[in-house]
Amino acid sequence: MSDPVTLSRPQDPWWRVHVPKDALGFSAVRPCVWDGADSRHVATPELRALWGHQPLIVANAPLIRNRLFAGRNYREAGHFDVLELFAFVRPAQFCAPSAAGVAIACGFPEPVDAAAQARALIAVIETLTAELQAAPLGFRLVAQSGIKLMERNGWAWAPLLQAVLDRTQMPADYVPPPALEIWSLLEEWEDQPPEGQARAVSLTDEEVTTALDTDLKRAALSERRPEQREFALKARDIFAPKWMKDQPNMLLAEAGTGTGKTLGYLAPAHAWAQKAQGQVWVSTYTKALQKQIFHDTRALFDREAERQAQVVVRKGRENYLCLLNYQERLGAAQTGPEVIMAALIARWVLYSRDGDIMSGDFPTWLPSLLPPTAPAAVFNTLSPSALVDRRGECTYAACPHYRVCFIERGVRKARSASLVIANHALVMAQAAYDLRDRAREQMAAEMNGEDVQGDVEPQPALSRLIFDEGHHVFEAADSAFATRLSGLEAFELRRWIRGNEGRSRRARGLESRIGDLLRTDQAKDAMRELIRAAAVLPADGFTQRISVRTQNGTGLDPIGPIEALLVEALGQIEIRREEAPVRGRSNDAEAGGECEAHPCIESVGVAAKLASKALAGIEAPLLALCRSVEDILNDSAKELEASERVRLEGILRGLERRARMLLPAWRSLLQQLALEDQDIVDDNGKPETIDWFSAEVHRGRVVDVSLNRHYVDPSLPLAEFVLKPAHGVLVASATLSDGSRDETTEDVFSLARQRTGANHLVMNAKTARIASPFDYANQARLFVISDVGRDDHRSVAAAMQALFLAAKGGGLGLFTAIRRLKLVYDQINQPLADEGLSLYAQHVDPLDVSDLISVFRAEHHSCLLGTDAVRDGIDVPGQALRLIAFDRVPWPRPDTLHRARRQHFGQRIYDDALTRARLAQAFGRLIRKADDRGVFVMLDSAAPTRLFSSLPPGVVIQRCSLKEAIDSIERFLYPPDIA
């Protein structure tokens with residue numbers, strides 16, 4: 001148990017007169033109010049009354065409000081939320097959104113009960129006010145402007161912070177910087193010179209081990225792990241020169257938890273980048289790991305400035321704040337809370353490392369602090385998703401904030417960086433762009449009569465690739481190379497071409513963005529024809545027209561052939577899904593519906609023909625516009641200003657993606673619907689793709705319908721577009737191999753070869769398997785419970801409750817259905833609270849998944865319920881996570897796509913392999929350090945033993961009753977000699 005938080009001074013500090021006298025500690029047992037001298041526990045009814053009549057010092061008012069009122073009507077006083085204070089004084093710094101989280105972020109131990117939480121909040125206020133008082137002058141000047149604006153709009157903390165600044169020396173004649181329009185304070189990016197090709201060099205064993213030892217010394221890690229050294233030497237192979245076209249040096253490497261995998265590949269990667277003057281891309285599946293890898297690169301450099309110059313984190317444009325969007329939202333901020341929130345966001349913008357608002361250093365919980373009735377909260381106008389660069393909105397050099405744009409800065413920085421930390425989706429897109437750009441260069445050379453080198457393979461931008469979380473490469477490729485025609489996608493295309501028709505929002509149409517650059521009649525004619533043709537695409541309000549039914553059972557009239565097609569596709573789903581409950585397993589109201597596209601009903605085929613014709617009418621002028629823009633770039637190269645060229649090149653990328661990739665893929669999908677030959681087959685006569693219709697449901701209502709085409713085996717395009725052009729590829733994971741050997745090859749990497757595209761290379765890939773150094777026999781336990789009915793949510797809830805109590809918190813419950821998760825939460829939340837354990841839940845609490853995990857990580861005696869997103873995204877070292885319980889075996893969902901792949905890859909063998917991988921991944925979250933102890937529980941008594949064969953050696957399956965498991969867990973986690 002942590003020591004209680006104490007203040008540095010025994011008496012009340014001077015600033016207490018500016019805040020409420022009572023601080024609220026909201027624990028799961030009993031809330032506690034502390035007035036600086038005495039604490040008293042309050043019952044929930046009393047706290048509800050207190051909540052509406054007396055301001056309190058709190059942490060995360062929306063979460064407390066949700067727990068107190070759960071949707072019921074309430075009154076609320078003007079509470080002082082310490083999270084807002086933290087966001088102001090420490091912009092762009094991490095903090096879990098809870099009392100424990102903010103206390104830990106400020107250097108205090110975790111407050112373990114309500115009284116300690118209340119005292120911690122006062123200590124946090126004292127720490128933050130002292131930091132502001134001691135801050136550099138420039139920081140205080142910018143803070144002063146924000147405080148004055150926020151005070152005029154009723155911010156609770158403003159009087160306190162103004163009093164803090166009044167105690168400092170502030171120049172009398174200073175010019176106050178802007179509080180909201182902060183783009184003038186941002187540093188402009190600079191263009192980088194082009195980089196040459198990397199040299200063809202190899203690394204010796206000595207170079208790798210020396211680099212690793214040096215990096216470990218920088219990181220102050222004295223331990224030398226032989227597993228890490230072995231992994232680093234294996235990883236060296238991918239940096240050897242490439243000797244054969246379409247055959248990269250590829251390695252599939254499984255490195256068990258605790259081997260030091262990250263530094264094991266970063267050390268040779270950085271050594272090669274320095275020696276070859278080249279660039280290495282490190283790709284992850286989760287954004288959390290991107291952040292962790294960037295943190296680990298500190299070991300590679302002596303100086304932080306050098307690391308900032310040589311390492312860059314790259315994500316898609318949709319992750320970064322768009323300053324023009326932010327500027328527009330400022331004009332819409334009318335109420336006091338909205339202005340206050342805009343000012344807090346402005347503080348982050350000014351101090352953010354790279355402007356990543358979705359998963360970087362932005363506090364994702366910040367917009368949730370808005371009052372739920374504020375227009376910005378109702379319409380999400382100040383949420384991260386509303387502030388990022390939406391598809392096609394960018395005007396590039398025409399934007400007034402172009403020279404300080406976060407996206408443009410990141411793109412330029414990546415050109416000269418030695419290490420680029422990206423994600424799988426971006427890597428797939430970048431590889432496709434590389435091939436397109438090289439093809440365009442080759443075509444231009446041929447048209448200009450230049451020699452084309454056919455024997456020498458040019459080096460792509462992604463010549464050296466490291467896929468961490470390599471077990472997810474298959475899913476990333478599946479998403480990247482799929483085709484999806486939905487109402488929302490088609491509506492976005494209309495908006496990109498025609499702008500926001502009849503709205504006041506900023507998104508201008510294509511003509512408004514580049515019309516002034518179209519200098520030829522052909523270009524202007526193509527633009528006019530494109531705008532006219534785009535009128536057939538779904539318009540605003542399409543959701544109601546495709547899903548709403550009148551009293552007589554008929555629907556609303558669709559607008560245009562695309563909406564008509566979506567209506568017919570939804571009709572086919574409704575007709576065919578009547579038989580789905582017989583064999584399906586999910587009864588979730590949010591699951592929507594789906595059915596195979598082929599054979600389609602006659603009305604769908606007719607609608608598909610009309611929709612395809614309409615799309616062709618858009619594609620033709622779009623292609624003509626592409627050619628016109630290319631002609632302007634080529635013929636008027638000398639006349640164009642640099643800013644005009646940048647704008648044209650940027651818009652050409654968007655034109656080409658839609659004209660030469662998106663629309664042809666949509667038309668191919670639609671044309672196939674009307675053909676008798678229903679399948680696209682490969683050379684062996686097997687289906688190469690699978691088409692199906694799906695309906696997206698939100699709160700029981702259809703909100704979109706989509707037509708989908710996926711590769712049955714997405715590792716085919718993965719190999720073609722990503723692997724073959726590369727020179728070296730490392731696919732690494734702690735769970736890459738399959739515990740059940742392939743019956744024909746005796747190869748534990750058989751599934752990995754299949755799912756990473758290695759099977760499609762002439763020489764396949766090398767493999768390496770390095771075991772974890774942990775003693776799993778003594779550090780972990782595995783129980784399969786034999787007496788809990790998995791189909792009875794009450795039994796599952798009772799079992800989860802007993803397990804969490806036995807572990808004394810630190811428990812993660814994983815579910816395969818949202819509906820069961822909510823039912824279990826409703827049943828065990830209060831009983832756990834009565835025992836002093838806080839329970840958080842995905843799809844219940846008003847927090848993002850990443851924020852839920854950060855709160856769970858901070859509070860060692862809390863528990864968390866979640867689904868796949870939590871399982872894949874959780875990283876909780878130490879004893880904050882000591883028990884994982886599955887409600888049932890996480891078999892793959894038997895949807896249309898999985899059924900096609902199951903048939904293609906081997907029926908039950910394929911199901912088993914995927915399930916083993918999921919269980920192994922979850923198990924790997926338990927033991928992260930040499931002194932960890934963890935328990936893995938399966939509440940599904942029918943779980944086959946073969947599914948656990950991928951778990952580390954030493955893990956013994958114990959099939960027993962719940963009571964026997966509880967007794968064993970208590971003895972294992974809390975043995976009598978250390979109790």
For [Y], does its backbone N or O pair with a side-chain atom of [X] as donor and acceptor, under 3.5 Å?
X	Y	value
Gln290	Thr284	no
Arg882	Lys808	yes
Glu254	Asp738	no
Asn60	Pro97	yes
Glu970	Ala806	no
Ser368	Trp365	yes
Glu469	Tyr285	yes
Asp704	Glu696	no
Asp848	Ser850	yes
Glu859	Ser838	no

To the closest 0.5 Å, what do you measure between [atom1] ([X]) and [atom2] ([Y])?
X	Y	atom1	atom2	value
Gln958	Ser786	CD	OG	12.0 Å
Phe481	His710	CZ	NE2	12.5 Å
Arg709	Trp692	CZ	CH2	11.0 Å

NZ or CZ of Arg901 within 45° of Tyr910 ring axis and under 6.0 Å: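 The answer is no, since Arg901 fails at least one limit relative to Tyr910.
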
Does the ring of Tyr840 carry Arg857 above it, NZ/CZ under 6.0 angstrom from centre and within 45° of its axis?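 No.
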
Compute whether any side-chain donor of one residue and acceptor of the other, for Asp792 and Ser795, lie under 3.5 angstrom apart.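 Yes, side-chain donor-acceptor contact under 3.5 Å.
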
Are a donor atom and an acceptor atom from the side chains of Asn708 and Ser694 found within less than 3.5 Å of each other?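 Judged by distance alone, the side chains do pair up.
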
Can you give me the closest heavy-atom contact between [X] and [Y], atom names plus distance?
X	Y	result
Ala114	Arg30	CB-O, 3.2 Å
Pro892	Thr915	CD-OG1, 3.4 Å
Thr543	Val702	CG2-O, 3.7 Å
Phe972	Asn778	CE1-O, 3.3 Å
Leu83	Cys95	CD2-SG, 4.0 Å

Specify whether His424 and Phe467 have parallel, tilted or perpendicular ring planes, treating 30° as the upper limit for parallel and 60° as the lower limit for perpendicular.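 Aromatic pair His424/Phe467 classed perpendicular.
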
Taking the side chain as everything from C-beta on, heavy atoms only, tell me whether [X] gets closer than 4.5 Å to [Y].
X	Y	answer
Tyr776	Thr257	yes
Ile884	Phe923	no
Leu782	Val956	no

Let me know which of Asp787, Val796, Val784 forms a side chain to side chain contact (heavy atoms under 4.5 Å, CB included) with Leu939.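 Only one of Asp787, Val796, Val784 forms a side chain to side chain contact (heavy atoms under 4.5 Å, CB included) with Leu939, namely Val796.
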
Any salt bridge between Lys963 and Asp967, counting N to O under 4.0 Å?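 A salt bridge is present here (some side-chain N lies under 4.0 Å from a carboxylate O).
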
Salt bridge or not for Asp868 and Arg918, using N-O below 4.0 Å?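 So Asp868 does not pair with Arg918 through a salt bridge.
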
Just do the side chain to side chain contact (heavy atoms under 4.5 Å, CB included) check on Ile969 and Arg781 with the steps written out, would you? CA-CA 8 Å; Ile969 290 170; Arg781 294 291 184 269; over 6 Å; no

Criterion side-chain hydrogen bond (donor to acceptor under 3.5 Å, both in side chains) against Gln921, the qualifying member of His471, Arg916, His472: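 When His471, Arg916, His472 are each tested with Gln921, the side-chain hydrogen bond (donor to acceptor under 3.5 Å, both in side chains) holds only for His471.
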
